[in-house]
Structure formats: C-alpha cells, structure tokens
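To start, the structure itself, in structure tokens.
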Amino acid sequence: MLKYLAKRILIFIPTLLAISLLAFIISISAPADPVEKLSSSADKEGAANQQSNATKKTKQELRKKLGLDLPVFYFSFGSISDCDTLYRVADKDHSACLAELSHYYGNWEDVSSYFHQLNVAQLSHSKLILDDIFEMNKDAEGRPNYSKNEINDVITESNFEINSMLETANPNVIASKFNSLDTLYSNYAFLSPVKKEFEQSKLLYNDMLSKQSSWKSYIPKIIWYGSKNQYHFWLFGDGEQRKGVVRGDFGFSYIDSQPINTKIWSKVWISFSFSLLSVIFAYLVSIPLGIYSAYKKDTKFDRITSIVVFVLYSMPGFFIGVLLLYTFANPDTLRWFPVSGIQDPTLYDPSWSFLEKAAHRAPYFILPLITYTYSSFAFLSRIMRVGVIDVFGQDYIRTARAKGLGEGKVVMKHALRNSLLPIITVFANIFPLAIGGSVIIETIFTIPGMGFEIYSSILNSDYPMIVAVFTIIGFLTMIGYLVADILYAVVDPRISYK
C-alpha cells in the first residue's frame, strides 16, 4: 500500500507540472493586455498614481510586477530574422507589429530603425505647443489663421495616425497612412517638427522594403533564455515580492489588484462549508434509503421512492432555488428565511463564539443547503441500491444467511462495507467542488463563496482568478482520487495495489 501511494505521489509531480503549464498557457493567451486592465483599475480606484490614463512609467512598473518584461518560456523557436529581446517592448500591440514586420522583411536592424523613428516622430508632437502655434499663425492684420480647436484637432489626428502605424504591419494600411499624413503636413505648416521626423521614418521604411530578406524567416533558430522567464517567475516567483504558484501565490486580480490567494482564502471556507454539509446530509439520507430500497427490492416502497427521487433529480437546481426563495423568503407568502447572504452585516459580531456564529448563520444556510443537497438523494441512493443488490447476490452473503445470522447483521456487517465503493468514488469529488463552489446556487442566493467569485471573474475577464481556480481544482481532483484509492483499500481488503 505504501509503495503504491509513493508511486501515485511521484506521478503527481509531472501531472502538476502539466497542469501548471496548461494554466500558464491559458493565462498568457488570454485576450486583452493585463497592464492596461490593471492601470485602468488603478485609475478607477484613485490610487496615488492615478491619472486619466496611466503613465508609461506606471505601465513599466506593472509589467515588471507581473513579470511581463521577461521572455515567455525557457526557450523559444523562431527564425534568424526574429529579435531575441522583443519581450522588452512594453506595448503588446507594438510587440506584435514588430514581430510581423521582421517576419515579412527579414532584416531586424532595418525594422528596428524604422520603428524607432516612428516613435521619435510621435514623441515630437510634444514640441507642438497649442498657444504658441495659435499666436505665431496670424495674418498681417492680426487675425489667427487657425482656431485653437482646429490646431488641436490636427495635432490629435497626426498623433493618432502615427500611433496607428506603430500597431500595423499591413503594407496597404501603412501606405494609406503615409498618404494621409503627407496631405496633413502639406496643409498645416506648423506641423513641421513632426514632418521632419516623419519624412525620416518614411525613408527608413522604403529602405527596409528595398533590403527585405524574407528568406531569413524560413531558417529556424532556437533561442535559450534560461530561468529568467515568465513561466519560471509564475511558478517559483522572484524570491522577493512574488512567491510563485508552488507557494500559493497566484498573482494579482485584474479587477481590484488584490492578491488572488487572499481572495480565495477569504471565500473558499464558505463554499467548502456548503459542500461538506451537503455531502454529509446527502449520505445520511441516501445510504439508508439505498440499503432499504435494495432490501425491499421491487416492493411498493421501492417503486414509490424511485419515482420520488427521480422526480427530484429531474428538476434543475436553479428552479428549486428560485422556488424555495419565492415560497419561504417572500414577504407575500412565507418569510421564514433570509433572501440572500450568509449573515446579517448589521447584527453579526466577529467576536462571537463559534456556536453563536453558527446559530446566527443557520437560517441563511437552510435554503441553499436544500438546493445543494436534494439532487444528490436520487443519484447516491440509486448507486447504493444497485451496489447492495449486487452484493446480496454474492456467495458469502448466502453463506452468512445459511449460518443463521440475522438480516441486520448480514446487511450491516457483510453487505454494507462492500457496497460503499461507488459511494467513495463520488466522495472524491468533494475536494474540487469545495474550491469551485456552485456558480448557479451561490449566484441565486448571493452567497459570497467561490462559485459567485468565479462567476464575477468570468464576467470581468479576471484571468488570474480563473487560472488559479483551474490550477487548484486540478490539484484537488488528484488529491480526491488518491483519498478514494486509500478508502477503497480500507473498505475492501480484497483490493490490492501490488
């Protein structure tokens, strides 16, 4: 047994690595730029560095905090035309544009020169002072040639067009932007500081086209980055601010910048309480019901209970939850239980003892627990019934009865233990369910557990939370099956792991 457990635990290591790698791939493949989301959420919350738009320095700090200033993995496959330090480019769209340009034209040095010059052209807009331009552009009679609004619109248009060029590698779009900017700079002489830099970028672009060596994109190259990469950082942290997934650090939420592990631990006990209590209640009802139904097989009791539990099983959880709320938490009918939550925030006192807290929360738990539990009755009782019927047909049961043992001893001592194997398999699911919670039930009853948190994370594209839950559920599923294997051996000594 110990040898088998040691083998299973050893298998856990590559399995966990595979789960972590899959979770990491999902996290880096998620749409939207996490830096943009975090900087936006910082604006909403009025952080110290709040601005209408996050500054470039703030974004760089966020990239470093998230480990995005590192290469993605230990190595990468590419071509000799690719740049091996492209991950240092802060803007995700700019990085994608550079990768496309180097793939199309082959010469990274020319691509880099063109792109750098475009950045210079965009930065040159800072030299354009609205009031100065307005004062300097007047006719002989002192009347302004342009209104301030017109000047501002022209500068904004120029800035926007160059920014668009920084995000595209499409030659048709780039040609269109060049023509548009040529016209703009010809019509408005006050854009001359930008025009000078723009003309230089145009020359570099044409130079890049004339020297293109697209064949370089077909010569493969492996780039080795070592341990300083995003996956290593995500898995093991940096030893300072981040501890890594292996030590329970899943990063920060994109919504409120709170640590993911803190958010999970503050809510997981709620979902775990509901899961554990519902499993206990379901087993307390289903196991005796299944045994008695098997003992009374094909009798009137067996048929009636079968119909009742299958009717219950056929009704979806959200329907039962809403029905209970309308019936027992409705001022127009019966208001026996609270409508939502797990406690009254105006009455609840954190300094209460465990029993006082349990007594206060009990009314809040009853309706959700019924909704959690009722569907398990049919499933578990039918599994138990089939298991007991199968055991009743075994030779050792007939032998026990032939020895003159009473039916109670035959059932409880010989049949029950060997009928528990399917029930143990179901029990293994309690571990992933504890962290996953029930999205529908927790949403209906507004229970602040993991199910409700996952639902909110999906709606708000909070990928670190989604990936963290995915990783933990994978780990707990393995733990659940390991526990089930141990219980199999405890319940049925015939099971050998040799």
Side-chain angles (χ1 to χ4, degrees), residues 14 17-18 20-36 60 63 66-122 161-181 197-235 463:
L17 285 175
S20 69
L21 186 58
L22 185 58
F24 175 72
I25 292 171
I26 293 172
S27 67
I28 63 171
S29 306
D33 188 348
V35 174
E36 293 291 341
Q60 288 287 4
R63 281 177 57 78
L66 295 171
L68 298 178
D69 59 338
L70 301 171
V72 175
F73 201 57
Y74 295 97
F75 59 86
S76 69
F77 296 102
S79 65
I80 62 172
S81 67
D82 294 333
C83 172
D84 57 359
T85 56
L86 200 57
Y87 57 85
R88 293 177 182 170
V89 178
D91 192 289
K92 201 172 181 179
D93 294 325
H94 292 184
S95 176
C97 175
L98 280 166
E100 279 191 68
L101 287 172
S102 64
H103 177 74
Y104 290 155
Y105 304 113
N107 289 316
W108 168 249
E109 292 78 12
D110 296 334
V111 171
S112 177
S113 299
Y114 156 67
F115 202 83
H116 175 72
Q117 187 59 37
L118 269 184
N119 271 302
V120 173
Q122 189 183 36
E161 293 289 0
I162 292 181
N163 190 55
S164 300
M165 292 179 69
L166 288 167
E167 297 177 356
T168 182
N170 188 317
N172 295 325
V173 175
I174 292 174
S176 171
K177 298 291 180 187
F178 275 140
N179 291 333
S180 172
L181 287 169
E197 305 297 345
F198 169 74
E199 291 294 342
Q200 182 62 25
S201 65
K202 200 172 176 181
L203 289 174
L204 290 171
Y205 179 75
N206 291 328
D207 192 46
M208 180 180 71
L209 294 184
S210 64
K211 295 180 181 176
Q212 63 178 298
S213 307
S214 53
W215 56 270
K216 291 182 179 178
S217 301
Y218 299 99
I219 299 179
K221 181 177 72 172
I222 297 177
I223 304 172
W224 174 256
Y225 296 108
S227 61
K228 290 186 177 180
N229 61 74
Q230 292 183 34
Y231 178 65
H232 194 87
F233 175 83
W234 183 75
L235 205 58
Y463 297 110

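Side chains included, hydrogens not; waters and symmetry mates left out as well; all remaining heavy atoms used. Note that this is a predicted model, so its numbers are computed, not measured.
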> With a 4.5 Å limit on heavy-atom distance, are the side chains of Lys177 and Val173 in contact?
Replying inline: yes
> When you look at Asn163 and Glu167, which way does the side-chain contact (heavy atoms from CB on, under 4.5 Å) test go after all the steps?
Replying inline: CA-CA 7 Å; Asn163 190 55; Glu167 297 177 356; 3.8 Å; yes
> Can you name the closest pair of heavy atoms from Leu70 and Tyr87 and give their distance?
Replying inline: C-CD1, 3.5 Å
>> Could you report the tightest heavy-atom contact between Phe198 and Ala121, atom names first, then the distance?
In response: N-CB, 4.1 Å
>> Would the distance check show the side chain of Thr85 and the main-chain N or O of Cys83 forming a donor-acceptor pair, the cut-off being under 3.5 Å?
In response: no
> What is the distance from atom OG of Ser81 to atom CG of Leu101, rounded to the nearest 0.5 Å?
Replying inline: 11.0 Å
> Hey, are the side chains of Phe115 and Leu166 touching, using non-hydrogen atoms and a 4.5 Å cut-off?
Replying inline: yes
> What pairs meet the salt bridge (charged side-chain N to carboxylate O under 4.0 Å, His left out) rule with one or both residues in residues 97-106, with sequence neighbours excluded?
Replying inline: none
> Heavy-atom distance under 4.5 Å between the side chains of Trp108 and Asp84, does that happen here?
Replying inline: no
> Can you check whether Tyr114's main-chain N or O pairs, donor with acceptor, with Gln117's side chain at less than 3.5 Å?
Replying inline: no
> For the atom pair OG (Ser164) and CD1 (Ile174), what is the distance rounded to the nearest 0.5 Å?
Replying inline: 11.0 Å
> Nearest 0.5 Å, what's the OG-CG distance between Ser113 and Leu203?
Replying inline: 12.5 Å
> Can you check whether Lys202 reaches Leu181 side chain to side chain, under 4.5 Å on heavy atoms?
Replying inline: no
> Going through the checks in order, is the side-chain contact (heavy atoms from CB on, under 4.5 Å) test met by Lys216 and Asn107?
Replying inline: CA-CA 8 Å; Lys216 291 182 179 178; Asn107 289 316; 2.8 Å; yes
> Taking only residues two or more places apart in sequence or in another chain, which ones pass ring pair (Phe, Tyr, Trp, His ring centres under 6.0 Å) with His103?
Replying inline: none
>> Looking at every heavy atom in both Ser20 and Trp234, which two are closest together, and how far apart are they?
In response: O-CZ3, 3.2 Å
>> I need the Phe233 CZ to Ser227 OG distance, nearest 0.5 Å.
In response: 12.5 Å
> Going through the distances and angles, do Trp224 and Tyr74 end up as a side-chain contact (heavy atoms from CB on, under 4.5 Å)?
Replying inline: CA-CA 6 Å; Trp224 174 256; Tyr74 295 97; 3.9 Å; yes
>> Side chains of Gln122 and Asn119, heavy atoms from C-beta outward: is any pair under 4.5 Å?
In response: yes
> Can you name the nearest heavy-atom pair linking Tyr104 to Ser214, along with the distance?
Replying inline: O-CB, 3.3 Å
> Hey, what do you get for OG (Ser210) to CG (Asp110), rounding to the nearest 0.5 Å?
Replying inline: 7.5 Å
> Is any side-chain heavy atom of Leu209 less than 4.5 Å from a side-chain heavy atom of Tyr105?
Replying inline: yes
> Taking all non-hydrogen atoms of both residues, which atom of Val89 and which atom of Ser95 are closest, and how far apart?
Replying inline: CG1-N, 3.9 Å
> Within the distance-only criterion (no hydrogens, no angle test), does the side chain of Ser102 pair as donor or acceptor with the backbone N or O of Leu98 below 3.5 angstrom?
Replying inline: yes
>> Does any part of the side chain of Phe24, heavy atoms only, come nearer than 4.5 Å to the side chain of Val72, both counted from C-beta?
In response: yes
>> Applying ring pair (Phe, Tyr, Trp, His ring centres under 6.0 Å), can you list everything that pairs with Phe75, at least two apart in sequence or on another chain?
In response: Phe73, Phe77
> Any side-chain heavy atom of Leu204 within less than 4.5 Å of one from Leu118?
Replying inline: no
>> Using every non-hydrogen atom in the two residues, find where Lys221 and Ser79 come nearest and quote the distance to one decimal.
In response: CE-O, 3.6 Å
